[in-house]
Every structure is written in structure tokens, then in C-alpha cells.
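Here the structure is a predicted model, which means the values were calculated and not measured. Chain letters run A, B, ... following the sequence lines, proteins first and then strands; every chain starts at 1.
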Amino acid sequence: MANSFFENVYHVVTMIRPGRVATYGQIATYLGNRRAARTVGWALRALPEGSSVPWHRVINSQGRISTSTTLQRVLLEEEGVKFDERGCIDLNRYLWEGPQ
DNA sequence: CGGTTGACTTTCC
DNA sequence: AGGAAAGCCAACC
């Protein structure tokens, strides 16, 4: 599947298991470009609402949501991801371990 | 083809 | 510790 970077991002995000999260940089690194984290966010931003891609499982390196909505936090909490009082996720515990 | 943009990351102060 | 600035990359216009 040597499609566009776009498609690759969607594919990787889809592989993230429920209750797990991944950072933009982590995905970029997985695709071969550690520096392309911004592009990953760019791709997810362009994602339509009804998409089957679990975009809410993608967060920034600080373990916080980067979107302008709180929907992402709600969706994650429904999957069992806990947020501390500062709105941060414990990356050491919920960070994606890789495909399967 | 070239400048702009952005749901990032890292480094410096 | 926390905010500001710089660096980087692919898609858009």
C-alpha cells in the first residue's frame, strides 16, 4: 500500500486498538518520517466526521488533545482512557504499543 | 512550480 | 516549570 502519506496515516490510526492512544510523532516515525508529525495532524484534520478512522486516539506528545473540541476526550474516556486533573493522559500506560 | 498552512515536536530562555 | 521560537514535511491553492 504505497499510497499517499495521507492514506498511510489513516491505515496506521485504524490499527490502534481501543483504549490505546498514539502521538502524532509516533505515527510519523512509524511511517518513516519522524519530522512529519505536523503532516499527520494535517491529514487527520481533513478527515470527515463519519469516517471509520479512530482519530480521537491520536494526541500530542504531552498526552493532551490538540483538537478544538472536547469530543475527543469524551470518546477516549468511553474507551477507558483516564485523564488527570490537568487533562493529561498517562502515556506510559495508554500509549500505543504498535500493530498487534 | 512556489508560497502558505497546520489537530506537531523539540529546544531555548 | 512553562511559554516562546524555530524546524520540518506533505497537501492545498
Separation of atom CD1 in Ile65(A) from atom C1' in dG6(B), rounded to whole Å: 17 Å

Sugar-phosphate only, base, or nothing, as touched by Thr67(A) at under 4.0 Å among non-hydrogen atoms: base

Length of the line joining Leu47(A):CG and dC12(C):P, which is rounded to integer Å: 13 Å

Phosphate-side-chain proximity, Ser61(A) and dT9(B), N/O vs OP1/OP2 below 4.0 Å: yes

Under 3.5 Å donor-acceptor, Asp90(A) side chain and Asn92(A) backbone: yes

Of Tyr24(A), Phe6(A), Phe5(A), the residue whose pairing with Thr39(A) passes side chain to side chain contact (heavy atoms under 4.5 Å, CB included): Phe5(A)

Under 3.5 Å: donor-acceptor pair, side chain of Thr29(A), backbone of Gly25(A): yes

5' priority, DNA chain B, between Gln26(A) and Trp42(A) [closest heavy atom]: Trp42(A)

Whole angstrom value for the distance that separates P of dA7(B) from CD of Glu49(A): 16 Å

Side-chain N,O (Asn33(A)) to OP1/OP2 (dA10(C)) below 4.0 Å: yes

Spacing between Gln62(A) atom CD and dT9(B) atom P, to the nearest angstrom: 8 Å

Between dG3(C) (P) and Arg86(A) (CZ): distance, integer Å: 11 Å

Sugar-phosphate, base or nothing in reach of Phe5(A), heavy atoms under 4.0 Å: sugar-phosphate

Side-chain-base donor-acceptor pair under 3.5 Å for Arg35(A) and dC8(C): no

Sugar-phosphate only, base, or nothing, as touched by Thr23(A) at under 4.0 Å among non-hydrogen atoms: sugar-phosphate

Residue that, paired with His56(A), satisfies side-chain hydrogen bond (donor to acceptor under 3.5 Å, both in side chains) out of Glu79(A), Gln72(A), Glu78(A): Glu79(A)

Asn8(A) CG to dA10(C) P, straight-line distance once rounded to whole Å: 11 Å

Any Arg38(A) side-chain nitrogen or oxygen under 4.0 Å from OP1 or OP2 of dC8(B): no

Rounded interatomic separation in angstrom, taking CG from Asn3(A) and P from dA11(C): 11 Å

Separation of dG6(B) C1' from Asn60(A) CG (nearest whole Å): 14 Å

Sugar-phosphate, base or nothing in reach of Thr39(A), heavy atoms under 4.0 Å: base

Donor-acceptor under 3.5 Å (Arg73(A) side chain, Ile65(A) main chain): no

